[in-house]
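What's counted below: heavy atoms across the whole structure, side chains too, no hydrogens, waters or symmetry copies. By convention in this document, chain letters (A, B, ...) are assigned in the order of the sequence lines, proteins followed by strands, and residues within each chain are numbered from 1.
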2 protein chains.
Amino acid sequence: MARIAGSSGPRTEEAIRRAGLSLITTHGYAAMSLRQLAAMVGIQQGSLYNYFRNKQEFLFDLIRSHMQDLHAALEQALLPEGSAAERLTRFVEFHVAYHIERSQEVFICYSELRSLEPENLTAVVAMRRDYERRLSDILEAGRESGEFRLADVRMATLAILAMLSGICNWYRPDGRLSKEAVSRTFTGMVLALAQGGADPAALPQPANLNRLAARRQ
Amino acid sequence: MARIAGSSGPRTEEAIRRAGLSLITTHGYAAMSLRQLAAMVGIQQGSLYNYFRNKQEFLFDLIRSHMQDLHAALEQALLPEGSAAERLTRFVEFHVAYHIERSQEVFICYSELRSLEPENLTAVVAMRRDYERRLSDILEAGRESGEFRLADVRMATLAILAMLSGICNWYRPDGRLSKEAVSRTFTGMVLALAQGGADPAALPQPANLNRLAARRQ
DNA sequence: GTCTATAGTGAGATAGAC
DNA sequence: GTCTATCTCACTATAGAC
């Protein structure tokens with residue numbers, strides 16, 4: 001990480017970005033000092049101010065630019081039409097892939113909202129709402145068409161997003177599971193959740209299982 | 001919050017606890033200053049050191065004592081026997097109730113693990129593993145008995161816990177939803193997820209629904 | 001148990017030479 | 001664009017009177 005002379009520019013910018021992501025993910029924004037950050041990049045602490053006006057602006061830039069990337073990528077991935085199950089599958093596949101690919105950014109976007117100053121927070125929350133809505137719309141469409149059985153679309157939205165976003169807390173590229181296995185499994189679980197058929201009372205006993213099956217036909 | 005004279009003792013201790021929970025939830029451990037904490041309690045900053053040796057110990061006490069409470073409460077709530085669906089239902093009901101009742105502690109236990117020093121972290125992670133295992137065992141039992149259809153018990157465990165723990169990020173006592181409604185809805189979603197029947201390919205069309213129902217009988 | 005006062009440290013941010 | 005040097009401030013933690 002050390003550096004030789006008075007060089008660089010855009011290379012430094014990218015290095016600061018990556019080091020910042022790493023440090024904030026590990027220790028949190030408040031606990032990360034600019035001295036640490038500079039050391040990791042291999043420059044002096046004062047030099048950082050050629051790249052941002054202050055620490056808060058650095059955080060906001062990280063979060064905002066990531067949210068923009070996320071939106072742009074989602075736009076590409078969403079199906080314009082198709083059954084709700086197909087659209088939901090596509091959404092989950094995208095979400096999982098993105099969360100695995102860019103887990104640090106994603107994690108920070110959830111965990112460091114509290115560290116944003118009010119004005120900056122407002123901007124980010126608006127983008128976030130927009131994203132949640134994409135999922136809500138799919139669930140709502142499925143509920144109306146009868147493909148999905150959901151007691152509450154809002155809660156289902158939050159539940160699914162929490163479940164998917166949790167992936168970036170435990171997924172490790174060198175772990176037991178491949179990206180594909182995770183994607184497949186979560187797609188299955190989310191679809192099962194959405195398609196429901198689970199009245200808590202309905203399924204435990206075999207007798208009830210029969211009733212349910214009959215109702216479905 | 002202000003106080004009158006040189007009084008108190010255990011009352012102060014409880015006040016510090018509550019103020020700490022609130023501040024850490026809102027701003028995070030690293031961003032909370034002991035001056036803030038003292039001000040919220042209505043004492044001077046130096047007086048805090050009658051209640052802990054340093055800031056880290058305060059955090060660790062909060063987290064550890066909460067984990068102990070959680071384990072004790074879970075012990076009471078778990079069913080010793082019954083079908084996997086019944087046991088899972090009970091687990092979810094407990095989990096939701098607890099997360100709603102003590103959302104600050106729960107949130108901190110997830111979000112401030114990073115702020116624990118290595119030794120303290122080790123202790124907490126062990127307790128956490130133990131808790132996850134309670135859920136894994138239920139899912140595994142259900143998978144073996146054929147009640148549940150799960151591609152991967154470990155991922156299902158993590159998915160369910162993430163989904164449930166997410167509740168403390170958005171639930172508001174004065175909001176649209178009652179505790180009971182949340183509990184019922186999440187129980188339903190978790191059971192649906194566990195009981196599966198969701199090969200991504202299998203369920204969109206009604207034709208496949210029939211096959212599924214037939215197989216279940 | 002609480003207060004006031006302060007030691008000692010490390011933080012974010014700025015100034016000016018190269 | 002980077003460096004060195006430094007300002008200013010807030011923080012954790014301690015000491016000692018009441």
Inset, instruction - Ignoring backbone atoms, test whether A/Gln44 places a side-chain nitrogen or oxygen under 4.0 Å from the OP1 or OP2 oxygen of D/dT4. - result: yes

Legend entry - Ionic contact status for A/Glu75 with A/Arg134, cut-off 4.0 Å: yes

Inset, instruction - Provide, to the nearest angstrom, the distance between the CG atom belonging to A/Leu34 and the P atom belonging to C/dG12. - result: 4 Å

Inset, instruction - Measure distances between side-chain N and O atoms of A/Arg35 and base N and O atoms of C/dG10, and say whether any donor-acceptor pair falls under 3.5 Å. - result: no

Inset, instruction - Please state whether the phosphate of D/dA10, meaning OP1 or OP2, lies under 4.0 angstrom from any side-chain nitrogen or oxygen of B/Ser33. - result: no

Legend entry - Nearest-angstrom distance from the residue atom CD of A/Gln45 to C1' of D/dT6: 11 Å

Legend entry - Rounded distance (Å) that lies between atom P of C/dG12 and atom CG of A/Leu37: 9 Å

Inset, instruction - Would you mind telling me which of A/Leu74, A/Ile160, A/Val153, A/Leu164 makes a side-chain contact (heavy atoms from CB on, under 4.5 Å) with A/Leu135? - result: A/Ile160

Inset, instruction - Answer yes or no: are there more than 12 heavy-atom neighbours, outside B/Arg176 itself, under 6.0 Å from its atom CZ? - result: yes

Inset, instruction - Return yes if a side-chain donor-acceptor contact under 3.5 Å exists between B/Ser47 and B/Gln44, otherwise no. - result: no

Legend entry - Interatomic distance, B/Met32 CE vs D/dT12 C1' [rounded to whole Å]: 11 Å

Legend entry - Distance in angstrom units between A/Tyr49 OH and D/dT6 C1', rounded: 14 Å

Inset, instruction - Calculate the interatomic distance between A/Leu48 atom CG and C/dA11 atom P; express it in whole Å. - result: 13 Å

Inset, instruction - Can you tell me the distance, in whole Å, between the NZ atom of B/Lys55 and the P atom of D/dT12? - result: 5 Å

Inset, instruction - Tell me whether the OP1 or OP2 atom of D/dC3 has a side-chain N or O from A/Ser47 closer than 4.0 Å. - result: yes

Inset, instruction - Establish, with yes or no, whether the OP1 or OP2 oxygen of D/dT2 is under 4.0 angstrom from a side-chain nitrogen or oxygen of A/Thr12. - result: yes

Legend entry - A/Tyr51 vs D/dT2: side-chain N/O to OP1/OP2 distance below 4.0 Å: yes

Legend entry - 5' priority, DNA chain D, between B/Tyr29 and A/Gly46 [closest heavy atom]: A/Gly46

Inset, instruction - For the residue pair B/Phe91 and B/His95, categorise the inter-ring angle as parallel (less than 30°), tilted (30 to 60°) or perpendicular (more than 60°). - result: parallel

Legend entry - Distance, rounded to the nearest Å, where A/Asn50 contributes CG and C/dT14 contributes C1': 12 Å

